[in-house]
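Below is one structure, written out as structure tokens; the observations come after it.
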Amino acid sequence: SGDRVFQVLCEILLQASEYREKQMQIVKMQEKGKLPRGDPSDAVIQSFKPKAIEIFQSLPKKDDAIHIEFKQVPRPPFPMVVISYIPSTRKVVKIVRLGESLQLTPFSMEAFQHVWLRIAFDIHLGRLGTNERCRPKAFTVLDDGHGNKAFATYLREQLRGCDTEVRLVTQADTVKTGRRTRSTYSDLSQEMMELFLEIPGFMIDAESSDDVVARAQEDYVDRIISRLESENESDDDALHSQAEQMKQRGNEYFQSQDFNSAVRCYSLALGHMRRIIKHNQTTYKLLGTTLSNRAACFLGLLDGQQVHSIEFRKVYARNAINDCTTALESTWASSALPSGIIGKLRFRRDKATASYDSLSNGDFLVAGALSSNGHEDDGNREITQPIAETSVEEIQQANPKKVTLPSDTVDLLVECGEVLFESHLAKNAKDGCPICLREFNGELLRSYSTVLPCGEHALCANCTCTLKVEADKAKQCPQCPLCRYSFDGDFIEGVPSVLIEKDQELASLILQLPDMEHDEKIAVAERLLWTHRFEVSAVVDALEALLDGRVSGLFFRSDGDLTHEQKDGIYRKARQPVLKLEEELKQLLEEQRLIFDSKSLSKICSHIRKVRKELAAAREKAREEVYSRCNTVGAMGAETEGGTITVDYHGLHVSEMRMKFKDHILSILPAVGKVTVITGRGRHSVGKESKLKKALFKLIGEYENLYWQKIEGNDGAVLVFWRTKNGN
């Protein structure tokens, strides 16, 4: 027991040491002028506002450009920030954080004015490091076809009559960053984001990353919202209509007291509204009522009987407070919201605040006392005895956050949601996953779920992986979201091997992987499972794509009398049923994303399962047909050519190529050794040079174990190799 307590104390000291190192890094960046200034007060900005353009125009012009980009922080709670920097010198100018109310309307005129005034004020103060007061020759803004482009239009209007121009650039455009180097705007913006993400409390509030469970819970809905924001739909009226529809669906779930489903609908509605550019009284009213309704759902979850953990209740109370406060403190609340909605917001905020205070006081209850919900709460007592006089077992019972249970003392139980629900394998089997809020007898009916080491609660496999990832980022142990039982992260490390044993379709595809030992095939599957966060269906799709690529590579490289066009016709004909089923599956998955009630979910999940089986059979049949034609038309080729898996990225955008390469190729390269990547020759690209090939070379350069080789006689393809430790 003494060793365990000593280990816990060492972990605390290590975290304190790392925090101190971060603080020293911040001090050094401040001394070198590499850290942006803090935001001026609202009073300063208001006094600066009337003369902002006049002051900006009076500054001497310098022959450089400042790039401005609205960018979402890739960590919970995924806020929108604005990064401005000088590309030629890689020096930051200003990072503007939007307030809670502006996070809901980041592309509104109000948000644009907020950003412009703070950037202009910082330029007025002088460049970081030198304090040189000058304005740029140009502003460059990302041409994303939506919010950033709208900001460029706003900026042109503000700078009318000024000789500082505003230019639109794409992510793939390059800029000179050194005597012999050029970088893309995409890489520079990502570099800035990664640099300042490492500084505690700079991009996101420090407290937002403290609670690993809350971060994991936010991750699910925010990933859905992120997908919405990446969609091409940009018409304000269409976005408003979609938001109104999701709000109405949320109201229906709320009336039936299905608060989890209602929260998801309201969150999706807010995600649609976040992309609206031109706001009016109608959209502001929709924003306010949606926030008020979502707060009511959080209060419903807070008062429900299925959640017994004090800390989990505090998360709901805090969410309700945040929603109400965001609406009430917005600039549009008094003019756009009816007095009845404002009254509800105030009432719900007061109720949530009282509940939060009560729950916070309940954290300090000692043995024998009652918690705020009137029940004895053994799992949240404070340790009142000295540590030296307390056993590990007593500490575990008194405060489960403090001690980690060794993973080898608990059996790993992974089952489908249907089995979990019918066999009552967890206390929350009827309630669903507490992180993504999906029900085990609904959307998770055919998906795998994990019973946690506490032995009482379960998560879906996807959220189990998310919990481990977020715990590793925070350098903490994973915790059960409901009882806060802390356990060793090695427990989750064993989930992939269990999934491989349980899923027959996955196991059969693993056996079909070519030219590998059995252990290597298992390693490939496990890496893919981690890449896709334990989503077995996504791993199956990835393996199917790799097997398809290998067979098509054999076919197109085989000798014989057929021309390339004839081979292409044979291949397309064989793949036609596959493409039809893939499109049907894609539509079903999109429908599933917007269905929350158990009955409809069960029906569409059964349909998806049926289509997946048909798709697997169609893929196998297509491979056999292409493979047989390959044997008919000519030789298979040498192993170095024929045995190489081929992936065709010709026709994809650079961002799509990067995503597919990371998702499908990186996890299998250590096992297969090499992969042929078709990029195209770039005949239709500017400069007759393939953008995909350049992007692929750059991506390969980011990994020390990867290298590439040209294929003689084929300028449109590249061999990508995995270099082992011994250099082979």
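Treat the numbers as computed from the prediction; the structure is a model and nothing was measured. These values consider heavy atoms only, across backbone and side chains, with no hydrogens, waters or symmetry-generated copies.
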Taking the basic N atoms (NZ, or NE/NH1/NH2) and the acidic carboxylate oxygens, is any pair closer than 4.0 Å for [X] and [Y]?
X	Y	result
Arg127	Asp64	yes
Lys94	Asp39	yes
Asp42	Arg118	yes
Arg348	Asp323	no

Query raised in the report: Do other residues, nucleotides or ligands put more than 12 heavy atoms under 6.0 Å from the NZ atom of Lys71?
Result: yes
Query raised in the report: Around Arg346, counting heavy atoms of other residues, nucleotides and ligands shown, do more than 12 lie under 6.0 Å from its CZ?
Result: no
**Report entry** Contact check, side chains of Val82 and Phe151, non-hydrogen atoms, under 4.5 Å
**Finding:** no
**Report entry** Check: Phe259 ring centre within less than 6.0 Å of Tyr266 ring centre
**Finding:** no
Requested in this report: Just jot down the salt bridge (Lys or Arg N to Asp or Glu O under 4.0 Å) partners of Glu157, sequence neighbours excluded, or say none.
Outcome: Arg160
Requested in this report: Using salt bridge (Lys or Arg N to Asp or Glu O under 4.0 Å) as the criterion, list what pairs up with Lys61, not counting sequence neighbours.
Outcome: Asp163
Requested in this report: Take the angle between the ring planes of His279 and Tyr284 and call it parallel below 30°, perpendicular above 60°, tilted in between.
Outcome: parallel
Report task. For the pair Phe139 and Phe56, name the ring-plane relationship: parallel under 30°, tilted 30 to 60°, perpendicular over 60°. Result -> parallel
